[in-house]
Amino acid sequence: MNRHTATPFLIASLLVGVLAIPAYPQGDAARLPVSSSVKAVTVTPLSVLPKAPPEAGERDLCSQFVVTPRSNAGRQVAAAGWAVTGEARAGRFQAVSFAGRFTQGTSGSCEIAAGNVGLFEGEVLRAVVYTRKDAVRSIGRVVPFGADALRLWDGDLLPQPLADLHVEGERGLSIVPLAPIEAFCDGRSLVPNVYGQPVTRAREALRQLGWKPKKGPPPEHPASREAALIERGVIEVEACSGTGFGFCSYGYERPEATLSLVTVGDADDPAVSSYDPRCRQGGGTDPVKR
């Protein structure tokens with residue numbers, strides 16, 4: 001059976017034991033059109049919150065990843081025993097990301113499991129987004145992505161974006177792959193999706209969209225990681241951490257914006273773990289809050 005053509009009642013029935021979702025018709029939520037073109041991520045109409053796992057793992061040691069709910073929907077999720085990890089608006093929906101299990105890692109990191117996103121209209125739950133039982137990654141948190149979209153981040157020790165959720169008016173909700181290019185500063189700055197790419201490939205993708213590397217400070221030692229990266233032509237490296245995950249930071253610029261990029265790992269050509277564009281004064285507003 002095609003997963004996306006199954007009735008909401010059948011979907012809810014199949015989910016029993018996975019998220020403890022009740023196997024009965026979901027009222028008005030059953031009429032909300034939903035779809036997902038990302039294999040690992042599922043969205044289903046729902047009007048009752050799933051039960052939180054009985055054991056939350058090391059939630060107390062991962063409190064930096066738990067937020068105090070600001071919305072009535074978020075407070076409703078917390079009252080059901082879940083840890084709220086994020087809140088965001090998308091069109092008419094209030095989104096609340098929540099998780100059930102936490103495992104502490106090194107360098108202040110935590111792995112987040114049993115993660116979901118609840119989509120509410122007011123205080124009424126309309127749908128829940130979650131990852132399939134056989135998925136490698138779980139949902140960690142949700143952040144805004146423009147006026148009518150959300151970005152779902154995974155719950156790995158080093159989080160990466162997982163998928164985008166779009167609100168499509170009366171057509172409902174759709175989960176789609178990450179946008180290949182993001183627009184910032186009123187559309188004047190374009191940033192390619194370089195998550196997970198080696199920094200040498202990422203810098204070339206940035207260059208093709210007009211981003212120029214900002215020369216970093218001279219390395220303090222000729223045998224340092226910074227010196228090795230500069231020798232490879234990555235002159236924009238600013239600093240590298242000698243411990244933990246081995247983060248390195250880099251800087252780029254355009255007339256209307258700057259961009260800071262971070263890689264992880266001690267490989268000769270480390271992979272991008274995050275990036276953060278900032279509009280210069282008068283250059284417009286950044287529509288994405290990371």
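The structure presented is a predicted model; accordingly, all values stated were derived computationally and were not measured.
- Looking only at side-chain heavy atoms (C-beta outward), Leu158 and Ser273 stay at 4.5 Å or farther from each other.
- Look at Arg207 and Glu204 and you find a salt bridge, because one of the NZ, NE, NH1 or NH2 atoms lies within 4.0 Å of a carboxylate O, short of that distance.
- Contact annotation: the side chain of Phe120 never approaches that of Ser71 to less than 4.5 Å [non-hydrogen atoms, C-beta and beyond].
- Checked for salt-bridge contact, Glu253 and Arg280 meet the test: a charged N lies under 4.0 Å from a carboxylate O.
- Between Ser189 atom OG and Arg254 atom CZ the span is 4.5 Å, to the nearest 0.5 Å.
- Here Lys214 contributes atom NZ and Tyr252 contributes atom OH; the two are 11.5 Å apart, rounded to the nearest 0.5 Å.
- The distance from atom OG1 of Thr131 to atom CG of Leu162, rounded to the nearest 0.5 Å, is 7.5 Å.
- Ion pairing between a basic and an acidic side chain is recognised when a charged N comes within 4.0 Å of a carboxylate O; Arg188 and Asp186 show no such pairing.
- Aromatic rings of Trp82 and Phe98 (six-membered ring for Trp) have centroids within the 6.0 Å cut-off, being under it.
- For the atom pair CD (Gln94) and CZ (Arg92), the distance works out to 14.0 Å, reported to the nearest 0.5 Å.
- The shortest distance between side-chain heavy atoms of Val129 and Leu152 falls below 4.5 Å.
- Counting only distance, with no hydrogens or angles, the side chain of Asn116 and the backbone of Ala114 share a donor-acceptor pair below 3.5 Å.
- For the pair Thr44/Tyr130, a side-chain contact is recorded, criterion being any heavy-atom separation below 4.5 Å from C-beta on.
- Atom CD of Glu55 has 12 or fewer neighbouring heavy atoms from other residues, nucleotides or ligands inside a 6.0 Å radius.
- Note: Leu150 CG to Glu87 CD = 12.0 Å, rounded to the nearest 0.5 Å.
- Inter-residue side-chain proximity for Pro270 and Leu229 is flagged as met; some heavy-atom pair is nearer than 4.5 Å.
- Residue Gln208 qualifies as enclosed at atom CD: its count of foreign heavy atoms under 6.0 Å is above 12.
- For Asp134, the CG atom counts as densely surrounded, since its 6.0 Å shell holds more than 12 non-hydrogen atoms of other residues, nucleotides or ligands.
- For the residue pair Ser97 / Thr85, a side-chain donor-acceptor distance below 3.5 Å is found, with atom types taken as modelled.
- The number of heavy atoms from other shown groups lying within 6.0 Å of CD (Glu231) does not exceed 12.
- Taking CZ from Arg225 and CD1 from Ile230, the interatomic distance works out to 12.5 Å, rounded to the nearest 0.5 Å.
- With contacts defined as side-chain heavy-atom distances shorter than 4.5 Å, the pair Leu261/Leu206 qualifies.
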